[in-house]
Protein chains: 2
Amino acid sequence: MSATIKDIAQLAGVSHTTVSRALNGSPLIHPATRERIVQIAEQLHYTPNRSARSLVHGRSNSIGIFFSTLGEGTSSSFFHASVRGVSRVLQDRYNLVVRGIDDYADYREVGPKRFEGALVMSQQDRDDAFLRHLQEQQIPHVVLNRRAGGEEMASIVAGDREGAFALTKHLIGLGHRRIAVLEGVSGFRATRERMSGYEDALRAAGLGRRRDYTAAGRYDLASGYEGMLRLLALPERPTAVFCMNDEMAVGALKAAREAGISVPDDLSLAGFDDNGFSAYVTPPLTTVRRPIEEMSREGARVLLAMLEGRPAPAGTTCLPAELVVRGSTGPCGCRSSAG
Amino acid sequence: MSATIKDIAQLAGVSHTTVSRALNGSPLIHPATRERIVQIAEQLHYTPNRSARSLVHGRSNSIGIFFSTLGEGTSSSFFHASVRGVSRVLQDRYNLVVRGIDDYADYREVGPKRFEGALVMSQQDRDDAFLRHLQEQQIPHVVLNRRAGGEEMASIVAGDREGAFALTKHLIGLGHRRIAVLEGVSGFRATRERMSGYEDALRAAGLGRRRDYTAAGRYDLASGYEGMLRLLALPERPTAVFCMNDEMAVGALKAAREAGISVPDDLSLAGFDDNGFSAYVTPPLTTVRRPIEEMSREGARVLLAMLEGRPAPAGTTCLPAELVVRGSTGPCGCRSSAG
DNA sequence: TCGGTCATTGTTCACGTGTGCATGCCTATG
DNA sequence: CATAGGCATGCACACGTGAACAATGACCGA
């Protein structure tokens, strides 16, 4: 099996204490001794036993990234970008453990001994129970993607509200007055944020919000398709539709095309996220780019700072989202706004 | 901090050994004693210290899922489906640690003490060095997505070759004779498998393979677009194009549309993977459904069997891929096959 | 009643690492 | 020369858990 510090100690003719100190850079060790020990360690391919270290330090050396769910509701591109970003920052200083919050039957498995820190990719308020658990267990954590808790909790969000506001304003600027929204999962915080950005923009333009211009969706392709069918069946059809993510927008696009409605000539359509596909469908989607990978990277950096006792920003950090205008939105071709 | 078995022992008036045995279901313990101990444990919210357990057992309780890379070349839907499948099987019996092979500067960090088992989502032969390392370290592992090693190594693959064969045959059956291929990353094993399926089908139909009908790509949207531009610029344009994944097919679709070429009337186009978007773009993509999540689930099951000493299948297990015919492929409209 | 057996529990050590305290050596200083 | 002090190292224990072995007591058959 693999070598231990005791093996090294024996070969070097010193005690295991000396070896431990030498390898950990203690200033107490004579340079020559250290040199010798390091060489022997190299030679034996010594790798410290994480479990033993964890035991003595009371730290597990692993960090969890928790998603509300690993299944439906978490889009692939979002999941990928998140894990990639965090993984890049943590490198191999910590084990990155991926889990879905809804997979836990009992949060008690999540303890400070098992997770040194946690990144919570939180979509819904339902996750608050999990966050409370983390707090009780005194596990340092950063909430990503959702404004959560008070000033004491660090969270990193991307400008959902601002993005939705800018997008809606863009549509209004194009002359649209009948602007519908294809909603995401209603429990998700991002859904509410985007909704309020949409509403604020309407209000700022003196437009009222119409109940029938909201269609429910689930952030996936199928629900985008179905929701669009419902909107198209309305007696007074909207001239623009804001889909709360790109997946739904692609679904909506299909529904529109099948109904013989041209985008953007007959109807403007916009998405959210800029998930990669949005630039490639036809017409390319106007959308809002959300800096997901940056968000997860920043979250990981903040968590590291917390773990290492460095000063870490509390409260909410908001990374700006950016309106990306492409071909799926155009000037309103409707006969005035008389309605 | 959290309670230990010693705390419980003291409260129960027994030795810590008795507590350990009671909680681990040893038959040596008197039912009444066990009852009492379990109750106290509940009361104290006892959770076993994983590090201590790991140390004494020499097992880390974590399993790694390693991707060739977490960055480019690994599509989001593939990544998501893989992690989800494995996570679902492992539940909370193990920590699932996600890493990119190319992120390691030194494989020595991957040892049997740190990873009890490994799932390798391998794309390229370059990963063989990593696999050899796992073998040397005697870390049980299962290779997913790629046929690797000899009979002694377990690997689970999805029918890349068979799928590509079926797809190409489908195109030939529609009357196509000039069938081009838009290749994925050339180092990837899946690329070679799909290529050979394509070639075999051509050969079986008595068709020769033309050098100029191969365009290089990288499994992403942009390279699909660029590759298609090159194919369209050929003096004798192909009547059908097999794209090695759906991402590239979507990129290719955009290029075709911009060139004023109608799919499938002027040109048939097919993808691979059935990544979810393929059914929703216009026209919906003919593709091959790869059972990625099943593959990862099966891999996890096999690994669990290996770890628990149960009989596990060695060698390669191949899960069938399924041809899905949609609207992007149609009968060849070219003036005979005279060329 | 005594030896033996079984059921139940306790004692002690091990896993690999890190740390407080003791120890020994060398040197400088009075 | 004696002593103090700094440097380098070793000893012993702790972390929480599990297991081999020992020990205790009850019960049974002879």
Side-chain angles (χ1 to χ4, degrees), chain A residues 1-38 40-41 44-62 93 95 108-109 111-116 137, chain B residues 1-38 40-41 44-62 93 95 108-109 111-116 137:
Chain A
M1 290 305 282
S2 47
T4 73
I5 53 171
K6 289 186 183 172
D7 301 330
I8 301 177
Q10 200 164 11
L11 261 74
V14 296
S15 74
H16 78 274
T17 309
T18 305
V19 176
S20 170
R21 284 203 264 255
L23 296 178
N24 289 330
S26 158
L28 298 175
I29 300 297
H30 192 92
T33 314
R34 161 173 299 125
E35 176 78 9
R36 192 157 39 98
I37 290 175
V38 167
I40 297 178
L44 295 185
H45 298 312
Y46 169 75
T47 34
N49 182 320
R50 305 294 267 228
S51 308
R53 244 189 205 170
S54 299
L55 178 58
V56 67
H57 283 140
R59 330 209 277 103
S60 65
N61 244 282
S62 50
R93 307 177 44 192
N95 277 338
R108 252 181 288 168
E109 293 163 31
K113 292 285 167 50
R114 190 153 169 195
F115 294 103
E116 217 160 307
Q137 298 283 319
Chain B
M1 289 302 280
S2 47
T4 73
I5 52 172
K6 289 186 184 173
D7 300 330
I8 300 178
Q10 201 166 9
L11 261 72
V14 296
S15 77
H16 79 273
T17 311
T18 303
V19 176
S20 171
R21 284 201 266 253
L23 296 179
N24 288 332
S26 158
L28 297 175
I29 299 296
H30 191 92
T33 314
R34 161 173 301 124
E35 176 79 8
R36 189 157 43 100
I37 290 175
V38 166
I40 298 178
L44 295 184
H45 297 313
Y46 169 75
T47 33
N49 183 320
R50 305 293 269 226
S51 307
R53 243 189 207 169
S54 299
L55 177 58
V56 66
H57 284 143
R59 330 208 275 103
S60 64
N61 244 282
S62 50
R93 306 178 44 191
N95 277 339
R108 251 181 290 166
E109 293 163 31
K113 293 284 167 50
R114 190 151 169 197
F115 294 103
E116 217 159 307
Q137 298 282 319

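Just so it is clear, the values below take in all heavy atoms, side chains as well, and ignore hydrogens, waters and symmetry mates. Just so it is clear, the structure is predicted and the values come from calculations on it, not from any experiment. Just so we're on the same page: letters track the sequence lines, and every chain starts at 1.
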Check your understanding: In whole angstroms, how far is the P atom of dA12(D) from the CZ atom of Arg21(A)?
Key -> 15 Å
**Study point:** Minimal non-hydrogen separation, Ser54(A) against Ser51(B), with atom names
**Key:** CB-OG, 3.2 Å
Point to revise | Side-chain donor/acceptor of Thr17(A) to base of dT19(C), under 3.5 Å | key: yes
**Study point:** For His45(A), side chain to side chain contact (heavy atoms under 4.5 Å, CB included) partners two or more places apart
**Key:** Arg108(B)
Review point. Arg34(A) and Ala22(A): which non-hydrogen atoms are nearest, and at how many Å?
Key: NE-O, 3.4 Å
Exercise for review: Using five base pairs at each end, measure the axis-to-axis angle across the helix from dT1(C)-dA30(D) to dG30(C)-dC1(D) and round it to 10 degrees.
Suggested key: 70°
Review point. For atom CD of Glu109(B), is the number of surrounding heavy atoms from other residues, nucleotides or ligands below 6.0 Å larger than 12?
Key: yes
Review point. Is the side chain of Ser62(A) donor-acceptor paired with the backbone N or O of Asn95(A) at a distance under 3.5 Å, no angle test?
Key: no
Can you name the atoms? Protein N/O to nucleotides 24-27 of chain C N/O, anything below 3.5 Å, with the distance.
none

Check your understanding: Which residues within residues 28-38 of chain A lie with some heavy atom under 4.0 Å of an atom in DNA chain D?
Key -> Leu28(A), Ile29(A), His30(A), Thr33(A)
Practice item. Ignoring backbone atoms, test whether Ser20(A) places a side-chain nitrogen or oxygen under 4.0 Å from the OP1 or OP2 oxygen of dG18(C). Key: yes
**Study point:** Whole-Å distance separating the CZ atom of Arg59(B) from the P atom of dG18(D)
**Key:** 11 Å
**Study point:** From Thr18(B) atom OG1 to Ile29(B) atom CD1, the distance as rounded to the nearest 0.5 Å
**Key:** 5.0 Å
Exercise for review: For DNA chain D, determine which residues of residues 6-14 of chain B have any heavy atom closer than 4.0 angstrom to one of its atoms, and list them numerically.
Suggested key: Lys6(B)
Check your understanding: Can you tell me how far P of dC13(D) sits from NE2 of His16(A), to the nearest Å?
Key -> 12 Å
Review point. How would you label the contact of Thr4(B) with the nucleic acid (heavy atoms, under 4.0 Å): base, sugar-phosphate, or nothing?
Key: sugar-phosphate
Exercise for review: Evaluate side-chain contact (heavy atoms from CB on, under 4.5 Å) for Asn49(B) paired with Thr4(B), printing each intermediate quantity in order.
Suggested key: CA-CA 8 Å; Asn49(B) 183 320; Thr4(B) 73; over 6 Å; no
Practice item. Enumerate the residues from residues 44-56 of chain A whose closest heavy atom to DNA chain D is under 4.0 Å, giving them by residue number; use none for an empty result. Key: Leu55(A), Val56(A)
